[in-house]
Trainee: 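Can you read through this structure? Questions will come right after.
None of the values given here were measured: they were computed from a predicted structure.
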Amino acid sequence: QVTVNGITLFKSTSNVIDDGDFYSDGHTLTIKKNTLADGDLLNVFYVPNSTTHSTYSQYITVPASGVTSAKTSTLY
């Protein structure tokens, strides 16, 4: 599940992202252009593919410099 400022985004059925707000292949989360703005709070809740954890939660604040990629809890 992906939320921005408490609003749930809809997952696209393909990486073209023409029928939703984001797409994930299990390793990378891609969000549709112009969905995020400076200061938005992005929440990602997911079940990992292969670890001992049952779920993960990431809370990320979108930086003013723009977003190109994410690692752990930092957006670049």
Trainee: Side chains of K32 and F22, heavy atoms from C-beta outward: is any pair under 4.5 Å?
Mentor: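 No, side chains not in contact.
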Trainee: Not counting sequence neighbours, which residues clear side-chain hydrogen bond (donor to acceptor under 3.5 Å, both in side chains) with T35? List them please.
Mentor: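 In terms of side-chain hydrogen bond (donor to acceptor under 3.5 Å, both in side chains), with neighbours along the sequence ignored, T35 is linked to no residue.
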Trainee: I31 vs L36, test: side-chain contact (heavy atoms from CB on, under 4.5 Å). Steps then yes/no.
Mentor: CA-CA 8 Å; I31 298 177; L36 301 176; 3.9 Å; yes
Trainee: Restricting to side-chain hydrogen bond (donor to acceptor under 3.5 Å, both in side chains), what partner residues turn up for T3, sequence neighbours left out?
Mentor: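 For T3, the residues satisfying side-chain hydrogen bond (donor to acceptor under 3.5 Å, both in side chains) (neighbours in sequence not counted) are N43.
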Trainee: Are there more than 12 heavy atoms of other residues, nucleotides or ligands under 6.0 Å from atom CZ of F10?
Mentor: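 12 or below, so no.
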Trainee: Is a side-chain donor or acceptor of N5 paired with a backbone partner of L41 at a separation under 3.5 angstrom?
Mentor: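 Such a contact is found between N5 side chain and L41 backbone.
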Trainee: So, do V2 and D21 sit near enough that their side-chain heavy atoms are less than 4.5 Å apart?
Mentor: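 No; the side chains remain at least 4.5 Å from each other.
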Trainee: Is there a side-chain contact between L42 and V44 (heavy atoms, below 4.5 Å)?
Mentor: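 SC-SC contact between L42 and V44 confirmed.
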Trainee: Can you list everything that forms a side-chain hydrogen bond (donor to acceptor under 3.5 Å, both in side chains) with N15? Sequence neighbours excluded, please.
Mentor: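 For N15, no residue satisfies side-chain hydrogen bond (donor to acceptor under 3.5 Å, both in side chains) once neighbours in sequence are set aside.
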Trainee: For I17, what are the other residues in its hydrophobic cluster, where any two members join if their side-chain heavy atoms are less than 4.5 angstrom apart?
Mentor: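 Hydrophobic cluster check, I17: joined to Y23.
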Trainee: What residues, two or more places apart in sequence or in another chain, satisfy side-chain hydrogen bond (donor to acceptor under 3.5 Å, both in side chains) together with D19?
Mentor: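 Testing D19 for side-chain hydrogen bond (donor to acceptor under 3.5 Å, both in side chains), a comparison that skips the adjacent residues, returns S12, T13.
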